[in-house]
Amino acid sequence: MYLIKKNDILQIAKALSTEYQVYGPVIEPGSGQTFFEKVEDVSEINLSAPIPAAPPKHIVFPQADRILSYRYAGGNAPVEMKPDFKETPKALFGLRSCDLTGLQCLDRFFLGQEFVDEVYRSLRKKMFIVTNTCVVPFKYCFCVCTDSGPAAEEGYDLNLTDIGDNFLIEAGSAKGKALCEKLQLAKAADKDLAEKNRLVDKSITLFESFSTESKAWVSRVMNRITTGFAKEEVWEYVGDQCFECGACSFVCPSCSCFNVVDTATGDCSCDRLRTWDSCSYEGYSRMAGGHNPRKPVEDRRNKRFFCKLSYSQSKKYLRPGCVGCGRCDWVCPGDIGMPNVVKYIRRETTSRDQL
Amino acid sequence: MQPAEQLSSPYVPEKATIKKITQLTETEKLFLLSIDSGRSLGHAPGQFVEVSLFGIGEGPISISSPPARDNTFELGVRAAGNLTRALHGLKAGDALGIRGPFGHGFPVESLMGKDLLFVAGGIGLVPLRSLIKYSLEHRDAFGRIIILFGARSPQERLFTDELAAWSKRSDIEFLETVDRSDDGWKGNVGVITTLFKEITIEPRKTAVMIVGPPVMYKYALLEVKEREVPKQNIWLSLERRMKCGLGKCGHCQINNYYVCQDGPVFAYSQIEEKEEAL
């Protein structure tokens, strides 16, 4: 554990920028929204910025990503096909714990299954992760319900916590520790850690009522969804409310579905791209010839919640697929973000139990 | 090009060449392919490949030939969408890309010694043909072989030469029907389930393989269940939009199953309870 003066915190980002392409939370001047972006100058990073509007998923799983490029000449002329992606060392500076958890979900899905996704791996390799404890939660946050915050517990190289005049820095890896030693940072004392723990405990009490009331309900809803006990009426309502805009999938730190399309880059050359897709779209499961096994929108909607919350699906992430960032609630025009759906299932269940 | 990097990726196809094209019906063609490297595909009956057409895209196609000793294999394709229409536009000698084979096919080992009942509806014969031909090549390893085939009309019957050969063999019970007949048709008329009353099976000894259009599963399963064939001996192949074949893109999910990996062939006992599977 180390300490650094609050005003000096970006020195760490500066040091990382010699070896890594640094990404961090930046407040966009026009909109005032936070985005987690590539920075040319580390002074753009604002560690007190609210949770970014979109998760850092795009850094390892871009919205449109080339997985292959090829040249062909027609007929049986030779075809040149090559995997086309490269590794750039990246430092994510000031990641929130929910977003780190989202990244871990993607890691387990893309790297921990039978097939290792080389495209993802090339983007994910050589990464330095600096997390930032949320000493104050944001309006939509419910990470306390999904065991993913407000402070990161593992998976970081360095974790920062604003403890007043200083940041407490915890090293989670050898390379994190080496960086602190190289920068000759002051050692922290037990009281500094105690202060961090006090602030985390306090942060937990500051969450909106949904989070404080629903801690047990998220896991209970997992049970309901897994056992098929969630009422049909809930899905019908959720289906009626869904605009099929796909925004929930795009802002979700753990959503990983993609489409594959070939786009021409010349007369006889193409890039094969994978692009984000959403299970809310009608065309998501439609096949050539028009057959679609998931026709009604409520059918498609309950699949998203099944994917995030059922036990069998959670095997692929070794935890719930939801990381409690609240972004789906924030962007959903139909009010069917994760917290609300948990509430609906809770309400249905509670009213039935009372009969 | 940076040859130094030597990146590999399961998304990169192998170049293959069309050796021969046979017109099966007005809308279906059979493509005989070989992988240029000389590699044998090494598939099991019921598996599929991802076919890349350069400048068009990629899609899953089931393999219609039995496991082969050489590097060739067959794909039976209906021109139904952009990719398959473009595939129909190719000619012998043209190149395409292949990834795979992917998924779980029919459990050939556990079928040995059993009576086999094939229920093929229309284009469902294309994937089933791989196992049918395999079982005929290893005829002694199996009990009775019963094949029920239904087409919408006489013009839509696939592999007509093979159907004729099967109907002549004494070691196969082959029955077929068409939904709608025309003047020249002398055979059965009616949906495929009408053929069930023509056969008797020993439920405990029989494995049933059903492949056909989605609506057929429901009715064919009723017939099979009525005869009390154990659910774990009923095998179905599901069609889904399997974009990647690797369990990543998500499009073929049925709850916790990825059809491209866990299927496309499933035992009925595996998917009976799954919404949207059938």
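Sequence lines set the chain letters: A, B, ... in the order given, protein chains first and strands last, and positions in each chain run from 1. The figures that follow rest on heavy atoms only: side chains count, while hydrogens, waters and symmetry mates do not. For clarity, every value in this text was computed on a predicted model and none was experimentally measured.
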Structural part of [X] lying under 4.5 Å from a heavy atom of chain B:
X	value
A:R286	backbone
A:F110	both
A:C270	side chain

A side-chain contact here means heavy atoms from C-beta on lying under 4.5 Å apart; do [X] and [Y] qualify?
X	Y	value
B:S52	A:M81	no
B:P214	A:H291	yes
A:P293	B:R240	yes
B:V12	A:Y70	no
B:K243	A:F258	no
A:N259	B:R241	yes

[atom1] of [X] to [atom2] of [Y]: how many Å apart, nearest 0.5 Å?
X	Y	atom1	atom2	result
A:Y72	B:L53	OH	CG	10.5 Å
B:Y11	A:D117	OH	CG	3.5 Å
B:S9	A:L68	OG	CG	7.5 Å

Go through B:Q253 and A:K303 one step at a time and tell me if the side chain to side chain contact (heavy atoms under 4.5 Å, CB included) criterion holds.
CA-CA 9 Å; B:Q253 279 184 81; A:K303 292 300 173 294; over 6 Å; no
What are the two closest non-hydrogen atoms of [X] and [Y], and how far apart are they?
X	Y	result
A:F306	B:N256	CE2-N, 4.0 Å
A:A77	B:K15	O-CE, 3.6 Å
B:A95	A:V79	CB-CG2, 4.5 Å

Side chain, backbone, both or neither: which part of [X] has a non-hydrogen atom closer than 4.5 Å to chain A?
X	value
B:I123	neither
B:C252	neither
B:Y257	neither
B:E273	neither
B:I56	backbone
B:P60	neither

Taking every non-hydrogen pair under 4.5 Å, which of [options] racks up the most with chain A?
options	answer
B:P13, B:P10, B:A277	B:P13
B:T84, B:D94, B:T17, B:N255	B:N255
B:A80, B:C249, B:G93	B:C249

Residue, of A:T263, A:D277, A:N292, that accumulates the most heavy atom pairs under 4.5 Å with chain B:
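Top option by heavy-atom pairs under 4.5 Å: A:D277.
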Would B:K248 count as a cation-pi partner of A:F115, with NZ or CZ less than 6.0 Å from the six-membered ring centre and within 45° of the ring normal?
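Judged by the rule (NZ or CZ under 6.0 Å from the ring centre, within 45° of its axis), B:K248 is not positioned above A:F115.
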Quick one: do A:Y284 and B:H251 satisfy side chain to side chain contact (heavy atoms under 4.5 Å, CB included)? Show the steps, please.
CA-CA 6 Å; A:Y284 178 81; B:H251 292 86; 3.6 Å; yes
